[in-house]
Amino acid sequence: MKRFRLLVKGTVQGVGFRPFVYNLAKSLGAKGFVSNTATGVIIEVENVDIDKFINMLKAKKPPLSEIEEININTLDYVGFKDFKIEESEAFGDKNPSVPPDMGLCEDCLKEFNDPSDRRYKYPFINCTNCGPRFSIVLDIPYDRKNTTMNVFTMCQKCKEEYENKEDRRFHAEAISCPSCGPVYWYEKEGNVLKENVFETMAKDLRDSKIIALKGLGGFHLICNALDDEAVKKLRRRKKRSSKPFAVMFKSLEEALKYLEPTEHEIKALTSAQKPIVLIKRRHPYFEEACKGLSSVGAFLAYTGIHLRLFDFIDFPIIATSGNVSDTPICKDNEEAKTKLKDIADAFFMHNRNIKRPVDDSVVKLIDDDLTIIRCARSYTPKPIYVNTYAKAVSLGMGAFLKSTISIFKNNTIVLSPHIGDLDSVETVEHYKHTLEDFLRFYDVKPDIVVCDMHPNFFSSIYAKSRFSNVITLQHHKAHILSVIAEHNISPDQEILGIAWDGTGYGEDGTIWGGEFFIGNAYNLRRGFFIKPYKLIGNEAAIKDPRRIVLSLLFELLEDKAFNHPLIEKLDFEEIELKTLYKMWKNDINTTKTSSIGRLFDMVAYLMGLIEKVDYEAKGAMMVEDKYVESAEYYDFQISNNEIIISFEDIFKEKDIDKMASKFINTLFEIIVSVIKLLKAKNVVVSGGVFYNRPLMRKLKAVDGINLFYNKKIPTGDGGISFGQAFYGGILC
């Protein structure tokens, strides 16, 4: 007779895993116990075929759980009398195990719409399979006493469900009902309404009002998505001139009236994660929300709060982050009233405290592949297990744009939710708070800290001021390492890494963004790159694509460029043109770059799609939108390590409608040429350019290579910290 002790690691807390184990053990006649610990779930079991038990554990696990590892020890038999769920243990080496906040599950949705159910139309309805998690947890193990729900005393009926091992709400830590849960109210023009709240809110939306609505992980700013005047007002107040807004729908049936999704987009839209999905919109809907883009960021109502509102309106709503542009999402009532008072006409609030703000995740489908653009609600924090064990506890500090942090410990990397661009005091403070919260939450004192090479990134400056054990890693190498880690490519494996994006500080002091690397995780060498061109005015050139055109004209023709037909189109004053030439010629406030992202901006400008770049990847999205399948491309050559694109051909293009397709095809042909030149087999791609759907489709169709790209984490700068943390962990 033997006793088996199982340590189960993965997403196994807060997802109904313990009651599942309890019922499985009972069905097999096993004796013992199951318990949460800071490390994972402990199961001790006797009187059972252990192989059968483990097989059923893996095969029948709860839908939101993920088993990444099971450690088994054989111990002396003690003769357990029955099987129990024991109190959680707080000891142990903390591993990331708290699941992300999740959208409403189908069972709760049925109860929400069932007049005979006691939670009928209850805005805070949730169970073990859905609802708040990471946004309310104070510490691990994940138990009610360690969440912000600890201030609400369960009524007798909720307590019975919470303690019933066979109930769907057994140890659902956010359990509540109308008798014992949070309360909500509506504040407008100094008045507090507690009756007819949703009816009043619906009327205000019909009257073109903007409302700050507190939901699962923070506030949304909402308005009628079909009311262009309301959307324009939101743009003015939020100071967001053209960046697209996300649109929320009551249901898939409603969404299909306005969208043309693929089968895979529908699957993502209706998944348990309920992310924002980029989907083609039907004309003429959401013109003001999308500002020239053919796709809209669409998502379905994912809480009882949103669904209750939709009971009183028959139109979709804009649901954008509750913040002033470039600052963190508001999570607290008083904070929202202060910061959003000049944007919102009214406020929907409740008294369930949010420990940490969690924004909505944004994804894009490339055929059947889901790519993550913003990794937040429902996707993080999620432990990603790798085959390589960290030689030391490593912390990745992230980039400047779309900043995140990551921790690599044992064989687990955990990526923080999206923090934001570190260009405001508020976001910098949020970054620092998130970092300290993560270190405390996971009880981590990093042995090594990895930051970006850029000397002026706040994340790099703060790393060096906060820690003594800091090393730097080049931005694009971190992109490639994020894929190597995610796909469990051996650190010794030779690969061709392609990192293309807008901006990354290079090892030679220039701005990289069109790089090919050769080597392995320990030693990536810059092999090929787009021939560098100059950013005239540095930051000014990033926002003004005319300067990219001008720079390339100067590269081709020097001062003879003043006579080129394009000069008139660029519409510079003569004195300004001469000043810019002098800056270009003498390298005054000018830096070289190999950025593919800036070339997308240039093409978008030449096509008449944009005048200014007022949000990241604007040009790239506009150009992708205009792609039509073709085989034509612009000429290029590879000379030594430089890839020289024939910009002269681009500037001479007479068929503007073909420019997008030919430019994207050119990028593809460049990649294929380098692959053939190096006879590369294992090809790793990362960086924001690889969100481009036609480019990725072509790459996936290339025969004879193993193509690796980010799937679980963002391929953009949101994944940088993941690659940094991995590098630190394998380096020591």
Side-chain angles (χ1 to χ4, degrees), residues 205 208 210 220-249 255 257-261 265 275-299 315-327 329 343 359-360 362-364 373-374 401-402 420-421 423 502 542-546 548 597-598 600-627 656-657 659-660 688-689 691-694 716:
L205 290 173
S208 301
I210 297 167
H220 278 131
L221 288 165
I222 66 172
C223 68
N224 182 347
L226 301 180
D227 182 345
D228 280 354
E229 290 308 309
V231 181
K232 288 176 183 177
K233 181 166 63 174
L234 178 58
R235 286 201 178 280
R236 288 195 304 270
R237 293 182 182 180
K238 193 173 161 72
K239 297 179 174 62
R240 184 164 164 169
S241 60
S242 64
K243 190 175 182 180
F245 285 130
V247 178
M248 178 182 283
F249 299 87
K257 296 176 183 177
Y258 304 95
L259 308 177
E260 297 179 4
E265 287 167 345
I276 296 172
V277 186
L278 300 187
I279 298 175
K280 184 178 180 181
R281 60 189 174 92
R282 296 182 186 275
H283 185 76
Y285 300 116
F286 315 128
E287 291 288 344
E288 184 59 35
C290 297
K291 284 289 187 182
L293 290 169
S294 65
S295 295
V296 63
F299 61 142
F315 49 81
I317 58 174
I318 299 293
T320 188
S321 301
N323 58 4
V324 179
S325 289
D326 302 322
T327 64
I329 183 174
I343 303 178
D359 226 321
D360 295 310
V362 182
V363 306
K364 178 179 183 177
I373 295 173
R374 183 167 70 198
L401 298 175
K402 296 180 171 57
D421 300 347
D423 55 1
I542 293 173
K543 298 182 181 300
D544 185 355
R546 296 180 306 163
I548 307 298
R598 300 289 77 83
F600 268 104
D601 294 338
M602 178 198 72
V603 170
Y605 175 81
L606 292 174
M607 292 182 68
L609 303 175
I610 64 171
E611 291 292 330
K612 299 288 184 183
V613 178
D614 50 8
Y615 64 88
E616 191 197 9
K618 180 179 182 178
M621 289 193 291
M622 293 286 187
V623 172
E624 179 185 336
D625 243 10
K626 299 299 181 181
Y627 185 86
I656 295 300
D657 292 339
M659 190 180 287
V689 168
Y691 285 127
N692 187 284
R693 189 178 280 125

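Given the structure is predicted, the values throughout are model-derived calculations rather than measurements.
When atom types are taken as modelled, the side chain of Asp601 and the backbone of Pro545 share no donor-acceptor pair closer than 3.5 angstrom. Of the possible donor and acceptor atoms, none in the side chain of Lys543 sits under 3.5 Å from a partner among the backbone N and O of Lys612. Between the side chain of Arg235 and the backbone N or O of Ala289, at least one donor-acceptor pair lies under 3.5 Å. Between the side chain of Arg598 and the backbone N or O of Gly502 there is at least one donor-acceptor pair closer than 3.5 Å.
Of all heavy-atom pairs between Val363 and Pro275, the closest is CG2-CG, 3.9 Å. The two residues Ala225 and Val231 make their nearest non-hydrogen contact at O-CG2, 4.2 Å. Residues Cys290 and Ser295 approach most closely at SG-O, 3.5 Å, considering heavy atoms. The heavy-atom pair separating Ile276 from Arg374 by the smallest distance is CD1-NH2, 4.2 Å. Across Phe299 and Asp360, no two heavy atoms sit closer than the pair CE1-OD2, 3.6 Å. Across Gly322 and Leu221, no two heavy atoms sit closer than the pair CA-CG, 3.9 Å.
Taking OH of Tyr627 as the start and CG of Asn692 as the end, the distance is 9.0 Å to the nearest 0.5 Å. Note that CG of Leu609 and CE of Met622 are 7.0 Å apart. Values are rounded to the nearest 0.5 Å. Atom-to-atom distance recorded for Asn323:CG and Asp359:CG is 7.0 Å, nearest 0.5 angstrom. Rounding to the nearest 0.5 Å places CG of Leu234 at 4.0 Å from CZ of Phe245. With values rounded to the nearest 0.5 angstrom, Arg546 atom CZ is found 12.5 Å from Leu606 atom CG. Interatomic distance, Lys364 NZ to Glu624 CD, rounded to the nearest 0.5 Å: 3.0 Å.
With Glu265 as reference, Ile279 is the one residue of Leu278, Leu259, Ile279 to meet the side chain to side chain contact (heavy atoms under 4.5 Å, CB included) rule.
Listed by chain and number, the residues in a side chain to side chain donor-acceptor pair (under 3.5 Å) with Arg693 amount to none (sequence neighbours excluded). By the side chain to side chain donor-acceptor pair (under 3.5 Å) test, Lys626 pairs with no residue at all, sequence neighbours left out. Under the side chain to side chain donor-acceptor pair (under 3.5 Å) criterion, Ser242 pairs with Asp614, Lys618, sequence neighbours left out. Shown here are the salt bridge (Lys or Arg N to Asp or Glu O under 4.0 Å) partners of Lys280, two or more places apart in sequence or in another chain: Glu260. Under the rule for a side chain to side chain donor-acceptor pair (under 3.5 Å), Lys233 has no partner lying at least two apart in sequence or in another chain. Among residues two or more places apart in sequence or in another chain, the side chain to side chain contact (heavy atoms under 4.5 Å, CB included) test is passed with Phe315 by Leu205, Arg206, Asn224, Leu226, Ile313, Ile317.
Residues Ile542 and Val613 fail the side-chain proximity criterion, which asks for heavy atoms closer than 4.5 Å. In this structure, Tyr258 and Arg282 have side chains that are not in contact, with every pair of non-hydrogen atoms separated by 4.5 Å or more. In this structure, Tyr285 and Val247 have side chains that are not in contact, with every pair of non-hydrogen atoms separated by 4.5 Å or more.
Salt bridge Glu287/Arg281: present, at least one basic N to carboxylate O contact under 4.0 Å. Using a 4.0 Å cut-off between charged nitrogen and carboxylate oxygen, Lys402 and Asp421 do not count as a salt-bridge pair.
The aromatic rings of Phe286 and Phe249 stand perpendicular to each other, their planes meeting at an angle above 60°, with 30° marking the opposite boundary.
More than 12 heavy atoms of other residues, nucleotides or ligands lie within 6.0 Å of NZ in Lys291, so this atom counts as buried by the packing criterion.
Cation-pi check for Arg240 over Tyr615 is not met; the charged atom does not lie both under 6.0 angstrom from the ring centroid and within 45 degrees of its normal.
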